[in-house]
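Shown next, in structure tokens, is the structure this report addresses.
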Number of protein chains: 2
Amino acid sequence: MAAETGSAPVGATQTTIRVIEALRELDAAGVSAVADHIDVPTSTAFDHLRTLEQNEFVRREGDEYVLSSQFLEIGGYCRNNDHLYRTAEPELQKMANETGEHANLMIEEFGRGVFYAKAKGRETFRLDTHIGKRVNLQTTSAGKAILAELPDDRVEEIVDDHGLPGITEHTITDRADLFEELDTVREQGFATDTEERLKGVHCVGAALTDDDGDPIGAVSVSGPKNGMQDERFFDDIPELVLRTANVIEVNMKYQ
Amino acid sequence: MAAETGSAPVGATQTTIRVIEALRELDAAGVSAVADHIDVPTSTAFDHLRTLEQNEFVRREGDEYVLSSQFLEIGGYCRNNDHLYRTAEPELQKMANETGEHANLMIEEFGRGVFYAKAKGRETFRLDTHIGKRVNLQTTSAGKAILAELPDDRVEEIVDDHGLPGITEHTITDRADLFEELDTVREQGFATDTEERLKGVHCVGAALTDDDGDPIGAVSVSGPKNGMQDERFFDDIPELVLRTANVIEVNMKYQ
DNA sequence: CCTCGCTTCCGGCTCTACCGGAACGGTTAT
DNA sequence: ATAACCGTTCCGGTAGAGCCGGAAGCGAGG
């Protein structure tokens, strides 16, 4: 989360958000645990928890507070009304069925990649990527596909904001390397990820662009490294991913 | 949403929440549209929108504000850490595969049913149930299964709070009918829904209970009315749903 | 160039968010 | 039993901040 320590216009809301963050980090916690965590008096934490509870953002579980499913509800509602999601979701399913691998839809927000939707293939190895999860764009194929469609100065800005932290030994951590990689992506038309975010996982991603050529997201397929190699990884899967991306782009316009 | 008009301890937070609700209802809106909608000066709406934006709960799209995927992120994160979800999710998948229909996991929160997870079967007719969607418990099979495991006075309380509004012509709208139905559910061990929330859709649901016998959720299968009839609807599917519920209950304890 | 609608900024007044402290309630130890 | 202790809940005063009106930017359109 941003944790802008700069003064927010509405300080009380800022405090409430800190309470939410605390509950998220603590999973379940009592009033005083929350108060300690964000360094406010218990009475203050209590006021905010109660306000959140009244609005059903927080629920009591025994003698502790937990975040409710209200967040999921709002997020799910917005996503369900989203034209991109509605258009892409069925195509994701198809892609997952055809490949047997996981298919993902990513969007960019605040300079980071959001796993916006996923479809499971036959291989149901457990992914760490919960819905909505945010990652640095350069660590995924879909993210790199998006970056490749953004103007250079915007990429610079994103790198300035979020850096290039190494997640695995294969993650791109150098700025020049990144731009070189983005050149390759633009040449190929698709992006790859060879264990750059998760050991043992390979991905192929392609950007979705609007009429102006601006990226509105990206789709990708991810699977175990062993099954994702050679022609399948460099030809078959990319072709399918690109075709799917194309179908989604077209359907975005005419329905 | 609750819309507790009673005074919240932290009024500023209450206002922020109203801004969020407004954005949700308006989909995308400018400062003044939000201000009008919740009847505050534009400058106030602006302050709150800016605070939300700084914390990445709201994003600018052109010259309008929209809710960001932050809600999905928080909700998805919590769900992913949830023992019930982690345990039930793979079983849902299996159930969807075996039946070819949609499989759902519902939990109860604030007296309403939350569609907490779903797995798609082969029949991919478009459901209106986005993830996190809240419904009145008595309108779904999973919800009735949960109600059947709650003490009568709690059921009374829930009905008092949320009423028994009719959604389709088959929805239970009478209190006595509801209790009669819950008796049947307890006898059978599972609950059914014959077009009580959606025309043309039948469901079968079974509750998940903890060691104390309190319901922690319910699983259900829903499909088109035509395919969900006779032995399949009254025997085969119920058996599978009950078996799945049982597997989840056991796995909850030993892993 | 002027108008109009919207967003953004600014500063003062008043209200309220915040806090300390006290009461309450449940649990454990003596 | 009873006391001690922990966390939660309640309460009231104060000073600091949220709210608001008004004005300044800023585009779009005539």
Side-chain angles (χ1 to χ4, degrees), chain A residues 2-68 110 212 214, chain B residues 2-68 110 212 214:
Chain A
E4 288 282 338
T5 40
S7 58
V10 186
T13 295
Q14 189 67 51
T15 304
T16 299
I17 291 172
R18 287 176 65 211
V19 169
I20 293 169
E21 288 177 14
L23 274 182
R24 191 191 139 129
E25 284 161 31
L26 298 168
D27 248 41
V31 176
S32 47
V34 171
D36 286 352
H37 196 259
I38 61 175
D39 198 37
V40 295
T42 56
S43 46
T44 299
F46 180 69
D47 286 342
H48 287 269
L49 284 168
R50 181 195 274 280
T51 303
L52 286 169
E53 189 187 13
Q54 279 182 17
N55 287 278
E56 300 189 358
F57 281 95
V58 152
R59 171 171 50 97
R60 310 198 46 130
E61 199 163 287
D63 53 356
E64 295 192 308
Y65 292 88
V66 294
L67 296 178
S68 81
F110 303 102
D212 306 328
D214 296 325
Chain B
E4 287 284 336
T5 38
S7 58
V10 186
T13 295
Q14 190 66 52
T15 304
T16 300
I17 292 172
R18 289 175 64 210
V19 169
I20 292 169
E21 287 176 13
L23 275 182
R24 191 191 140 127
E25 284 161 31
L26 298 167
D27 249 43
V31 176
S32 49
V34 171
D36 287 351
H37 196 260
I38 60 175
D39 199 37
V40 295
T42 56
S43 45
T44 299
F46 179 69
D47 286 343
H48 286 269
L49 284 168
R50 180 195 275 279
T51 303
L52 286 169
E53 188 187 13
Q54 279 182 18
N55 288 277
E56 301 188 357
F57 281 93
V58 152
R59 170 172 48 97
R60 312 200 44 135
E61 198 164 289
D63 53 358
E64 295 191 309
Y65 292 87
V66 293
L67 296 178
S68 81
F110 304 102
D212 306 328
D214 295 325

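Chain letters run A, B, ... following the sequence lines, proteins first, then strands; residues in each count from 1.
Taking 4.0 angstrom as the limit, B:T42 places none of its side-chain polar atoms (N or O) nearer than this to OP1 or OP2 of C:dT7. Considering only side-chain N and O atoms, B:Y65 lies nowhere under 4.0 angstrom from the phosphate OP1 or OP2 of C:dC6. The side chain of B:R50 places no N or O atom within less than 4.0 Å of a non-bridging phosphate oxygen (OP1 or OP2) of D:dG18. Proximity of A:H48 to the phosphate of C:dC18: a side-chain N or O atom is located under 4.0 Å from OP1 or OP2.
The interatomic distance linking A:L52 (CG) with C:dA17 (C1') rounds to 15 Å, in whole Å. Atom CG of B:D63 and atom C1' of D:dG27 are 10 Å apart (whole Å). In this structure, the CG atom of A:D47 is 13 Å from the C1' atom of D:dG12, given to the nearest Å. Between the P atom of D:dG21 and the CG atom of B:D39 lies a distance of 11 Å, rounded to the nearest Å. Atom CZ of B:R18 is separated from atom C1' of D:dC19 by 13 Å (rounded to the nearest Å). What separates NE2 of B:H37 from C1' of C:dC6 is a distance of 19 Å, to the nearest Å. Rounded to whole Å, the distance from CG on B:D36 to P on D:dC20 is 13 Å. Rounded to whole Å, atom C1' of C:dA17 lies 14 Å from atom CD of B:Q14.
Within the model, atoms CD of A:Q14 and OG1 of B:T51 stand 7.0 Å from one another, a figure rounded to the nearest 0.5 Å.
Across the interface with DNA chain D, nearest-nucleotide mapping of A:F46 and A:G11 shows A:F46 to be the residue nearer the 5′ end. Residue A:S32 is the one, among B:T13 and A:S32, whose nearest nucleotide of DNA chain D lies closer to the 5' end (criterion: closest heavy atom).
Closest to the A:T44 side chain, of the nucleotides C:dC18, D:dT9, D:dG7, is C:dC18. Side chain of A:S43, nearest nucleotide from D:dC10, C:dC9, D:dC19: D:dC10. The side chain of A:R60 has D:dT9 as its nearest neighbour among C:dT7, C:dC18, D:dT9.
Judged by distance alone, with hydrogens and angles left aside, the side-chain atoms of B:T42 form no donor-acceptor pair with the main-chain N or O of B:A35 at under 3.5 Å.
Screening A:R50, A:H48, A:Q54 for a side chain to side chain contact (heavy atoms under 4.5 Å, CB included) with B:V10, the sole residue that qualifies is A:H48.
Put simply, the side chain of B:T15 does not reach to within 4.5 Å of the side chain of A:T13, judged on heavy atoms. Here the side chains of A:Y65 and A:R59 are not in contact, with every heavy-atom distance at 4.5 Å or above.
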